[in-house]
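Each chain gets a letter, A, B and so on, in the order its sequence line appears, and its residues count up from 1. As the structure is a computational prediction, the values presented were derived from the model and not from experiment.
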Protein chains: 2
Amino acid sequence: MRAKGGMTIGQAAVSSGVPPKTIRFYEEMGLVKPAERLANRYRAYDESNLQTLRFIRRARDLGFSLQEIDKLLALYRNRRRASEDVKRLALAHVAQLDHKIAELTRIRDTLADLARRCHGDQRPDCPILDDLERPRS
Amino acid sequence: MRAKGGMTIGQAAVSSGVPPKTIRFYEEMGLVKPAERLANRYRAYDESNLQTLRFIRRARDLGFSLQEIDKLLALYRNRRRASEDVKRLALAHVAQLDHKIAELTRIRDTLADLARRCHGDQRPDCPILDDLERPRS
DNA sequence: CCTTGACCTTCCAGTGGGGGGAGGCCATAT
DNA sequence: ATATGGCCTCCCCCCACTGGAAGGTCAAGG
């Protein structure tokens with residue numbers, strides 16, 4: 001079954017860190033181009049495909065969306081890219097992250113404060129429920 | 001159409017901050033009990049329903065999942081609840097938030113560092129793409 | 001009386017990023 | 001010959017909604 005540099009989807013999954021289901025999903029979404037097929041219809045992957053999958057995996061770990069990754073891949077493959085374009089994408093994502101972190105932190109502090117003021121005993125009085133119940137103007 | 005304390009789903013939506021679609025969704029999910037119906041099959045809401053919807057809205061704003069809100073609502077309605085139980089739910093959620101914030105912050109710092117080291121000009125060299133390309137052990 | 005427009009109703013589909021599992025083919029080891 | 005296990009496609013599920021289509025209901029205006 002195995003050609004010289006070829007591997008099945010399972011091998012590619014182990015080697016790239018992207019599960020088989022997810023690889024098929026990326027193919028269906030058009031994020032990666034359809035894999036070559038062996039005579040038995042099994043998908044075949046080589047080092048080049050693997051590199052792409054690892055790239056995607058790392059980008060996902062850094063929180064990029066699949067849309068953003070699509071753009072990153074285009075830049076990655078374009079030898080005449082301007083690093084300016086990559087940097088702009090990255091900084092936009094940093095800004096998104098900052099926004100999300102700020103939002104979660106605000107929520108976290110509010111909730112921690114409410115919890116701090118809650119006795120946490122057998123009595124029913126609870127500032128947390130009081131807050132949830134209180135109508136907002 | 002309007003009974004004394006009754007309002008339509010649209011009025012309830014404005015007054016609670018929960019959109020009509022979402023109210024129906026909560027009903028279908030069993031998070032709120034099915035609304036009373038008028039003769040014309042329109043859902044009817046009173047102050048009590050409104051209080052529940054505002055409670056849910058606030059809890060969602062604080063990042064609780066619908067499952068968690070279901071538990072919070074049960075505690076809210078139980079006059080013999082122990083504030084301990086509410087506090088435990090809240091602190092578990094704070095812990096989740098802390099975990100998420102730490103993760104996002106780690107990603108943010110990694111990405112900001114890569115972007116800082118990228119020239120961001122017309123040249124193709126880019127530490128960000130270099131990082132994404134690099135195989136992980 | 002009729003139309004318009006703003007409501008309301010139900011049902012279906014899609015979002016993002018996959019996971020689980022059915023039912024069937026293929027490859028290898030016993 | 002058969003038992004495993006990997007691969008194939010296909011469809012459904014998750015979360016928490018959101019949008020849209022098709023149709024019922026109601027008040028106001030001409």
Side-chain angles (χ1 to χ4, degrees), chain A residues 1-3 6-32 34-45 49 53 55-73 93 96-97 100 103-104 107, chain B residues 1-3 6-32 34-45 49 53 55-73 93 96-97 100 103-104 107:
Chain A
M1 156 187 298
R2 308 205 30 191
M7 42 198 334
T8 67
I9 199 170
Q11 296 286 325
V14 169
S15 181
S16 68
V18 182
K21 284 246 164 187
T22 305
I23 297 176
R24 295 191 193 100
F25 172 71
Y26 289 164
E27 181 178 322
E28 195 190 344
M29 292 298 98
L31 187 62
V32 301
E36 300 293 319
R37 301 294 186 122
L38 301 174
N40 55 15
R41 299 173 21 92
Y42 286 16
R43 289 172 180 81
Y45 297 87
N49 304 136
L53 290 172
F55 185 100
I56 295 172
R57 171 65 205 274
R58 174 64 175 159
R60 287 294 295 145
D61 285 348
L62 290 179
F64 287 101
S65 71
L66 297 189
Q67 274 193 350
E68 288 167 329
I69 292 173
D70 198 41
K71 295 179 192 163
L72 285 172
L73 275 173
H93 189 52
Q96 281 182 46
L97 288 166
K100 190 72 181 172
E103 186 188 352
L104 292 181
I107 292 172
Chain B
M1 156 187 295
R2 305 203 35 191
M7 45 201 330
T8 66
I9 199 171
Q11 296 287 324
V14 170
S15 182
S16 68
V18 181
K21 284 250 170 187
T22 305
I23 297 175
R24 294 190 194 100
F25 171 72
Y26 288 163
E27 181 178 321
E28 195 190 343
M29 292 297 97
L31 187 62
V32 301
E36 301 292 318
R37 300 294 184 124
L38 301 175
N40 55 14
R41 301 175 18 92
Y42 287 15
R43 287 172 180 81
Y45 297 88
N49 304 135
L53 289 172
F55 184 101
I56 295 173
R57 171 66 205 273
R58 174 65 175 158
R60 287 294 295 144
D61 286 348
L62 290 177
F64 287 101
S65 71
L66 296 189
Q67 274 193 347
E68 289 167 328
I69 292 173
D70 198 42
K71 295 179 192 161
L72 284 172
L73 274 174
H93 191 53
Q96 282 182 45
L97 288 166
K100 189 71 182 172
E103 187 189 352
L104 292 181
I107 291 172

Among [options], which is the nearest nucleotide to the side chain of [X]?
{"X": "B:Asn40", "options": "C:dG19, C:dG17, D:dT25", "value": "D:dT25"}
{"X": "B:Arg37", "options": "C:dT10, C:dC7, C:dG17", "value": "C:dT10"}
{"X": "B:Thr8", "options": "D:dA16, D:dC8, C:dC7", "value": "C:dC7"}
{"X": "A:Phe25", "options": "C:dT9, D:dC8, C:dG18", "value": "C:dG18"}
{"X": "B:Tyr42", "options": "C:dC8, C:dT10, D:dC26", "value": "C:dC8"}

Could you tell me the separation between the [atom1] atom of [X] and the [atom2] atom of [N], rounded to a whole number of Å?
{"X": "A:Tyr45", "N": "D:dC8", "atom1": "OH", "atom2": "C1'", "answer": "12 Å"}
{"X": "A:Glu27", "N": "D:dC10", "atom1": "CD", "atom2": "P", "answer": "12 Å"}
{"X": "B:Arg57", "N": "D:dA16", "atom1": "CZ", "atom2": "P", "answer": "15 Å"}
{"X": "A:Arg24", "N": "D:dC12", "atom1": "CZ", "atom2": "C1'", "answer": "16 Å"}
{"X": "B:Arg41", "N": "D:dG23", "atom1": "CZ", "atom2": "P", "answer": "15 Å"}
{"X": "A:Glu28", "N": "C:dG14", "atom1": "CD", "atom2": "P", "answer": "12 Å"}
{"X": "A:Asp61", "N": "C:dG17", "atom1": "CG", "atom2": "C1'", "answer": "14 Å"}
{"X": "B:Ile23", "N": "C:dT9", "atom1": "CD1", "atom2": "P", "answer": "10 Å"}

Measure the angle between the two terminal helix axes of the helix from C:dC1-D:dG30 to C:dT30-D:dA1, five base pairs each, and quote it to 10°.
->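 Nearest ten degrees gives 30° for this helix.
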With a 4.5 Å heavy-atom cut-off, do [X] and [Y] have their side chains touching?
{"X": "A:Tyr45", "Y": "A:Gln11", "result": "no"}
{"X": "A:Pro34", "Y": "A:Glu27", "result": "yes"}
{"X": "B:Tyr42", "Y": "B:Ile9", "result": "no"}
{"X": "B:Glu68", "Y": "B:Gln96", "result": "yes"}

Most 5' of B:Leu66 and B:Ala39 on DNA chain D, judged by nearest nucleotide |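 First, find each residue's nearest nucleotide; the 5'-ward one identifies B:Leu66.
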5′-ward residue of the pair A:Ala44/B:Phe64 relative to DNA chain D =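 On the 5' side of the pair lies A:Ala44.
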Report the C-alpha separation of B:Leu38 and B:Thr8 in whole Å, then their side-chain angles, then the decisive distance to 0.1 Å, and conclude whether the side-chain contact (heavy atoms from CB on, under 4.5 Å) test is met.
-> CA-CA 9 Å; B:Leu38 301 175; B:Thr8 66; 5.5 Å; no
B:Glu103 atom CD: more than 12 heavy-atom contacts under 6.0 Å = yes
Sorted by chain and number, sequence neighbours left out, side-chain hydrogen bond (donor to acceptor under 3.5 Å, both in side chains) with B:Arg60 holds for none
Donor-acceptor pair present, A:Lys21 side chain and C:dG17 base, under 3.5 Å = no
Going by modelled atom types, is there a donor-acceptor pair between the base of C:dG17 and the side chain of A:Tyr26 at under 3.5 Å?
->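 Answer is no: no donor-acceptor pair is held.
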Between A:Thr22 and C:dG19, is there a side-chain N or O to OP1/OP2 distance below 4.0 Å?
-> yes
Indicate, with a heavy-atom threshold strictly under 4.0 Å, whether A:Arg60 touches base, sugar-phosphate, or nothing.
->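 Here A:Arg60 touches the backbone only, sparing every base.
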Just checking B:Arg43: base, sugar-phosphate only, or nothing, at a heavy-atom cut-off of under 4.0 Å?
->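 Sugar-phosphate only.
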How long is the span from the CZ atom in B:Arg58 to the CD1 atom in B:Ile56, to the nearest 0.5 Å?
->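 These two atoms lie 14.5 Å from each other.
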